[in-house]
Amino acid sequence: MKIVVTGGAGFIGSNFIRYILSVYPDYRVINIDALTYAGNLLSLEDVSQNPNYTFVHGDIANFELVREITAGAGAVINFAAETHVDRSIEDPFIFVRTNVLGMQMLLEAVKNNGVDLFIQISTDEVYGSLGDSGVELTEMFNEESMLKPNSPYAASKAAADHIVRAYSVTYKLPTIITRCTNNYGPYQYPEKLIPLFIMNALMDKTLPLYGDGMNIREWIHVEDHCRAIDAILHHGRIGEIYNIGSGEEMRNINIAELILDTLGKPKSLINYVTDRPGHDRRYALDSTKIKEEVGWKPIHTFKEGIRQTIKWYIENKEWYERILAK
């Protein structure tokens, strides 16, 4: 099978490419990435010489390019996105351009070329925020939950999801939407919470914690996310939406403390900073559907996965130093 992966030089995309080439050595993978600040070919050095892997430097908003690349593809999996909430608050334009307009160019190319399947990698942030106390902790978003995005980033992803659905209904395009919770693991760009906290702690720098640090996120190891996309690629139902979560929720303050404890660093490195605008309090996903329909379930616990992740950053100092030097 020929698979086109967009945004494959990013955190989740690069992990997915590595995963898919190891599990399906006969598959051909074409990676198109614009190599914006978070796109990094250093994350794919170990597969760069694989004869079944091809990298194309390009923008998904370039219709002629994506039409050429997606010709003959069995599947197109769209990881390409601007993702950092803080950056979306500062400059929403680029988020709309890439996450909405660029994604629509991909859909047009898929429609023109008769691609068998288009998978849109979305996010739990499209649902908005849940409560964080008492009985509210039992609340979870399911695939039928209303979309109430609270940041320009989340709004751009929600808009993309609506367009994917519209193409599915109007043009009978074979699409699936996935909405995953927060990912962590190797090769994550250092602006995100876990790698930022790990790297800062390793360098004895402060860990900037928004607000009161009590925001809650559900965390999933990136390998489990890749396994879920694999299962959906081969067994998911056309036209469906699948939530992907681990069931493991953590407050941001507890993650900071766990990282510091693991590295033997003092809690005094935690620095409470002004909260960002529209900061969602809690996300949590009901992942029953993907478990029942495609037989997927996570295999990494957060306790084990975070220790592996910390170990990876300790052992791959050169990788993140080269990132920081860009």
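Counting from 1, the numbers follow the sequence of the chain as shown.
Here E45 pairs with L42, R322 under the side-chain contact (heavy atoms from CB on, under 4.5 Å) rule; sequence neighbours left out. The side-chain contact (heavy atoms from CB on, under 4.5 Å) search around R307 returns L258, T262, K303, not counting sequence neighbours. With sequence neighbours excluded, the residues satisfying side-chain contact (heavy atoms from CB on, under 4.5 Å) with S246 are E218, I220, E248. By the salt bridge (Lys or Arg N to Asp or Glu O under 4.0 Å) test, D212 is found to be paired with R281, residues two or more places apart in sequence or in another chain being considered. Remark: P266 engages S268, L269 in a side-chain contact (heavy atoms from CB on, under 4.5 Å) (not counting sequence neighbours). Not counting sequence neighbours, T301 has no partner by the side chain to side chain donor-acceptor pair (under 3.5 Å) test.
Residues in residues 162-187 take part in these ring-ring contact (aromatic ring centres under 6.0 Å, His included) pairs, two or more places apart or across chains: Y167-Y171, Y184-H221, Y184-F302, Y187-W312, Y187-W319. Judged as a salt bridge (charged side-chain N to carboxylate O under 4.0 Å, His left out), the pairs with a partner in residues 143-165 (not counting sequence neighbours) are, in order, D161-R179. Under the salt bridge (charged side-chain N to carboxylate O under 4.0 Å, His left out) criterion, the residue pairs touching residues 100-118 are E108-K111, with sequence neighbours excluded. Annotation: ring-ring contact (aromatic ring centres under 6.0 Å, His included) contacts involving residues 247-286, sequence neighbours excluded, comprise Y210-H279. Counting only residues at least two apart or on different chains, no salt bridge (charged side-chain N to carboxylate O under 4.0 Å, His left out) pair has a member in residues 48-58. Pairs of residues two or more places apart, or lying in two chains, never qualify as salt bridge (charged side-chain N to carboxylate O under 4.0 Å, His left out) while including a residue from residues 24-40.
V273 and I194 fall into different hydrophobic clusters, where Ile, Leu, Val, Met, Phe, Trp and Tyr are joined by side-chain heavy atoms under 4.5 Å apart, directly or via other members.
Taking the side chain as every heavy atom from C-beta outward, L263 and I314 approach each other to under 4.5 Å. Contact of the I244 side chain with the L285 side chain is not registered, since no non-hydrogen atoms from C-beta on lie closer than 4.5 Å. Side-chain contact check for L196 versus P190: every heavy-atom pair is 4.5 Å or farther apart. Between N15 and F79, the closest side-chain pair of non-hydrogen atoms is not below 4.5 Å. Here the side chains of P208 and I270 are not in contact, with every heavy-atom distance at 4.5 Å or above.
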Pair D261-K267, salt bridge (charged side-chain N to carboxylate O under 4.0 Å, His left out): steps then yes or no: CA-CA 8 Å; D261 287 342; K267 301 289 197 307; 2.6 Å; yes
side-chain hydrogen bond (donor to acceptor under 3.5 Å, both in side chains) evaluation trace for N150 with D280: CA-CA 7 Å; N150 291 322; D280 291 336; 2.8 Å; yes
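No donor-acceptor pair closer than 3.5 Å links the side chain of N99 to the backbone N or O of S156.
Atom CD of E68 sits in a sparse spot, with 12 or fewer heavy atoms from other residues, nucleotides or ligands closer than 6.0 Å. No more than 12 heavy atoms of other residues, nucleotides or ligands sit less than 6.0 Å from atom CE of M146.
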